[in-house]
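Read through the structure below, which is laid out as structure tokens, and then see the notes.
Source: prediction; values computed, not measured. So you know, we letter chains A, B, ... as the sequences are listed, proteins then strands, and number each from 1.
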Protein chains: 2
Amino acid sequence: MKEENTHSGVKEIARRANVSIATVDRVIHNRPGVSEKTKKKINDIITELDYQPNVLASRLASRKIISLAVLIPRVSEETDFWEAPFRGIMRAEAEIRKYGIQVQTFFFDLNDKHSFTEQAELILKKEVQGILLAPSFIDESRQLIQACQKLKIPVVFIDSNVPEQDNLCYIGPHLFQSGYVGAKLLTYRLKENHKVLVVNISKETDNYSYLQIEEGFRSYFKDHSQPCEIIRVDIKDTDKLSVAKELTRVLYDHEDIEAIFVTNSRVFSVASFLENAGRKDISLIGYDFLKENIRFLKEGLIDFLICHKPEEQGFRGLMALYQTLVLGSPVEKVHFMPIDIITKENQAFYQN
Amino acid sequence: MKEENTHSGVKEIARRANVSIATVDRVIHNRPGVSEKTKKKINDIITELDYQPNVLASRLASRKIISLAVLIPRVSEETDFWEAPFRGIMRAEAEIRKYGIQVQTFFFDLNDKHSFTEQAELILKKEVQGILLAPSFIDESRQLIQACQKLKIPVVFIDSNVPEQDNLCYIGPHLFQSGYVGAKLLTYRLKENHKVLVVNISKETDNYSYLQIEEGFRSYFKDHSQPCEIIRVDIKDTDKLSVAKELTRVLYDHEDIEAIFVTNSRVFSVASFLENAGRKDISLIGYDFLKENIRFLKEGLIDFLICHKPEEQGFRGLMALYQTLVLGSPVEKVHFMPIDIITKENQAFYQN
DNA sequence: TTTAGTGTCGGGTACGTACCCGTAAATATA
DNA sequence: TATATTTACGGGTACGTACCCGACACTAAA
């Protein structure tokens, strides 16, 4: 039963091929200076032995440090959503730092496209070997990605995807299905008239993510042929006062609204409004495991939160770069996060 | 901006303390042969520099292999629940193998306490340095744990806990709260009379886990003072025929049952019965992301599945041992898994 | 005083890989 | 043919830590 760990390394390969370790090393790293004949012989032996390089020794011996860049939104005073991915990024960094990998994080302002471009240029100057990116601004992201493509720098997207763009992989939600789940959850609370309100609170005009969510949301009612009237309202000013004003107006125009679906993490401002307006009868669903949202969830003003594991997105994003650059193993192109349902009852144990 | 990676290792410590590397090493590993005076001097420098040993180099230099044992139920033809933890265990093993850690997995039969004891004794003979355990049989587990305590072998529990027992940590669900969530989900489907059935399908008589779940389940109704009649039935024979027979009887006795809550993963056999009996009007909630359960979830016979990330339990369980034995860093004593809610709509992206 | 023992410590090698540098042979050029 | 250049390869050292094998000083016993 004592299986000897006959872990054969480069030494064994060199012995079998009657060459030196250095030559084997050259073949492994595709460096020049080896005749075709010896190269083939060594490659055959590598295949035969199913040689797996020792990552520990490899990273220990290689003195060069790999440096990665992260470009994500700054945590604003309005919403602390990006705290979670950042936590995941730091966790991943701590794990791969010992392999000689350095991570530099750059922040941009979600209300300022220019800051994105600025930081992106800074990153390109740093000559990093990989980038983790939250492509919140589509056009600006495209520019950065194209620059990276020329420099052969792999880019990983988190949180939202940029369609038809060459990247290493996307790690984030399936937004359409997420909206679909939202609709389903909403129906648990619907009583009679089936009049629901979709609220999008965002400064961004061309909000691609929002459209996908709403599409999924509407699809659910279509698929189930529910006689459901869907009102929608766009709120461009994200402060609570503006939100309250808009909502007051909408609820006045449509007094029989039963439920509200908020397409992003700003559901807390709607909850706050409902609380003040004394409209606890209206069901409310929104996104993300934020402190403020959890508070309203506990108080019963929010019925469900949907969440896509933002921390894990950050973690996995960096790990994907590590996997490519250090281990050289392939990464799946699209990794959809689970669509988690959070209620008052299970929130205590949720893992962001 | 160029922060020099002044990563000071043992060499730097030795230089500062005017001793050799070997002496520093002796202090770090608490080995004898160092005078109190030098020991203190070195320890002070270690603290001052906040020395973090290089795991790579450490594991590379240390030729001794750490071996761990895993004791979990065998995947039976009745339920493939334990496939998931096993997957997580293998994933963790692949990750820590490069650090010279060997994992041996032992399986026992959930219907045979004797097989548990047998395998436990086998493990003790192997002289492993750590054990990952699914303590399905409480008394038998206690015996094993006490033996480990004497040998100073850390033990990690997954899936279920053994109360008042000294272990390294527990990684698994908060069963009470899980039942509580189950009750909440059930109420979404309840219409008028509020008569629900709790079904426990299990060969084990002293099922401690089950009791906790049911307690949580009942608590929900108590907390919300719902006028809810809860019928319960224990089914000791787990084959589909016996389940069908029992359920037929219960549904005959109580013809106005609106919903069924199954306390474990065998909800598929109830779903199968309801399908055959043409009782799609009854709501059904149960546990675990099994293939068969997913099938019924998709077909609409099961309304909700609750799941506690079994794969991650296995993964984290092994990693906890790694953390203790290799990194020497502390592990939190209890790590509750999230109580995930799975519906037809979000099941496609669930991560077990 | 010699000898054996004990308490402290340093030198040196190994782990598996990366990569610099040197060299001999083969080939090209004068 | 002599010299320069290229090709193909080996020797050796380093990465940061673990640990074996001694060396040396000092004390206690003979």
Side-chain angles (χ1 to χ4, degrees), chain A residues 4-43 45-46 49-66 97-102 325-328, chain B residues 4-43 45-46 49-66 97-102 325-328:
Chain A
E4 264 318 299
N5 210 350
T6 49
H7 188 264
S8 38
V10 280
K11 206 177 344 188
E12 173 67 11
I13 298 172
R15 201 186 57 76
R16 293 204 191 197
N18 270 327
V19 293
S20 75
I21 292 176
T23 303
V24 175
D25 191 71
R26 273 184 278 261
V27 173
I28 289 173
H29 294 89
N30 272 331
R31 266 174 300 192
V34 186
S35 70
E36 279 306 318
K37 211 181 80 189
T38 9
K39 186 184 281 186
K40 186 181 177 329
K41 185 162 66 176
I42 291 172
N43 271 325
I45 295 173
I46 286 176
L49 291 179
D50 187 31
Y51 166 70
Q52 300 290 114
N54 185 323
V55 194
L56 272 77
S58 166
R59 289 305 306 163
L60 182 64
S62 158
R63 261 140 295 184
K64 66 159 168 270
I65 49 174
I66 291 176
R97 187 169 29 215
K98 48 173 172 275
Y99 296 100
I101 293 165
Q102 254 182 18
L325 293 168
V326 178
L327 306 182
Chain B
E4 264 317 298
N5 207 351
T6 48
H7 187 265
S8 39
V10 280
K11 205 175 346 188
E12 173 67 12
I13 298 172
R15 199 185 59 76
R16 296 203 189 197
N18 269 329
V19 295
S20 75
I21 293 175
T23 304
V24 175
D25 191 70
R26 273 184 279 262
V27 173
I28 289 173
H29 294 88
N30 271 333
R31 265 172 301 190
V34 186
S35 69
E36 279 307 317
K37 210 181 79 188
T38 16
K39 188 185 279 190
K40 186 180 177 330
K41 184 162 65 173
I42 289 172
N43 272 324
I45 295 174
I46 286 176
L49 291 179
D50 186 32
Y51 165 70
Q52 300 290 113
N54 185 323
V55 195
L56 270 78
S58 167
R59 289 306 305 164
L60 184 62
S62 157
R63 261 139 296 184
K64 68 160 167 269
I65 49 174
I66 291 175
R97 187 169 27 213
K98 49 174 172 277
Y99 295 100
I101 292 165
Q102 255 182 17
L325 293 168
V326 177
L327 306 181

Any side-chain heavy-atom pair from A/Asn54 and B/Leu60 closer than 4.5 angstrom? yes

Gap between atom CD1 of A/Ile13 and atom CD1 of A/Ile46 - 0.5 Å precision: 4.5 Å

Want to settle it: does B/Asn18 or B/Ala57 sit nearer the 5' end of DNA chain C, counting the closest nucleotide to each? B/Asn18

According to a strict under-4.0 Å criterion, is B/Ser35 in side-chain N/O contact with OP1 or OP2 of C/dG7? no

Closest contact, heavy atoms only, A/Ile66 versus A/Arg59: CD1-NH1, 3.8 Å

Can you tell me if B/Ser62 touches the phosphate of C/dC15, counting only side-chain N or O atoms and a distance under 4.0 Å to OP1 or OP2? no

For A/Lys11, enumerate each residue passing the salt bridge (Lys or Arg N to Asp or Glu O under 4.0 Å) test, keeping only those at least two apart in sequence or located in another chain. none

Taking the nucleotide of DNA chain C with the closest heavy atom to each, which residue, B/Gly33 or A/Ser58, is nearer the 5' end? B/Gly33

Quick one: A/Gln52 CD to C/dT17 C1', roughly how many Å, whole number? 15 Å

According to a strict under-4.0 Å criterion, is A/Thr38 in side-chain N/O contact with OP1 or OP2 of D/dC9? yes

Measuring from B/Tyr99:OH to B/Leu325:CG, what's the distance to the nearest 0.5 Å? 14.5 Å

Restricting to side chain to side chain contact (heavy atoms under 4.5 Å, CB included), what partner residues turn up for B/Arg15, sequence neighbours left out? B/Glu12

Would you tell me if any nitrogen or oxygen in the side chain of A/Tyr99 comes within less than 4.0 Å of OP1 or OP2 on D/dG16? no

Nucleic acid contacts - residues 21-32 of chain B versus DNA chain D, non-hydrogen atoms under 4.0 Å: B/Ala22, B/Asp25, B/His29, B/Arg31

So which heavy atom on A/Val55 is nearest to which on B/Lys98, and how close? CG2-CD, 4.1 Å

Should A/Tyr51 and A/Ile45 count as side-chain neighbours, where that means a heavy-atom distance under 4.5 Å? no

NZ of B/Lys40 versus P of C/dT8: gap in Å, rounded? 17 Å

Whole angstroms only, please: what is the NZ-C1' distance between A/Lys98 and D/dC15? 17 Å

Checking B/Lys41 side chain against B/Ala17 main chain: does a donor-acceptor pair fall under 3.5 Å? yes

Any salt bridge (Lys or Arg N to Asp or Glu O under 4.0 Å) pairs touching residues 20-30 of chain A, not counting sequence neighbours? A/Asp25-A/Arg31

Heavy atoms of A/Ile42 and A/Val19 approach each other most closely as CD1-CG2, 3.9 Å

From NZ of A/Lys41 over to P of D/dA8, roughly how many Å is that when rounded to an integer? 14 Å

Length of the line joining A/Asn54:CG and D/dC15:C1', which is rounded to integer Å: 13 Å

Can you tell me if the side-chain N/O atoms of A/Tyr51 get under 4.0 Å from OP1 or OP2 in C/dT17? yes

Rounding to 10 degrees, work out the angle separating the end axes of the helix from C/dT1-D/dA30 to C/dA30-D/dT1 (five pairs an end). 60°

Measure from CZ on B/Arg59 to C1' on C/dT17 and round the result to the nearest Å. 18 Å

How close or far is atom P of C/dC15 from atom CD1 of B/Ile65, stated in whole angstroms? 15 Å

Whole-Å gap separating P (C/dA14) and CG (B/Leu56): 21 Å

Decide side-chain contact (heavy atoms from CB on, under 4.5 Å) for A/Asp50 and A/Gln52; before the verdict, give the C-alpha distance in whole Å, the side-chain angles of both, and the deciding distance to 0.1 Å. CA-CA 6 Å; A/Asp50 187 31; A/Gln52 300 290 114; 3.6 Å; yes

Check the phosphate of D/dC15 against A/Lys64, side-chain N and O only, distance under 4.0 Å to OP1 or OP2. Yes or no? no

Produce the list of close N/O pairs, under 3.5 Å, pairing protein atoms with atoms of nucleotides 4-6 of chain D; give distances to one decimal.
none

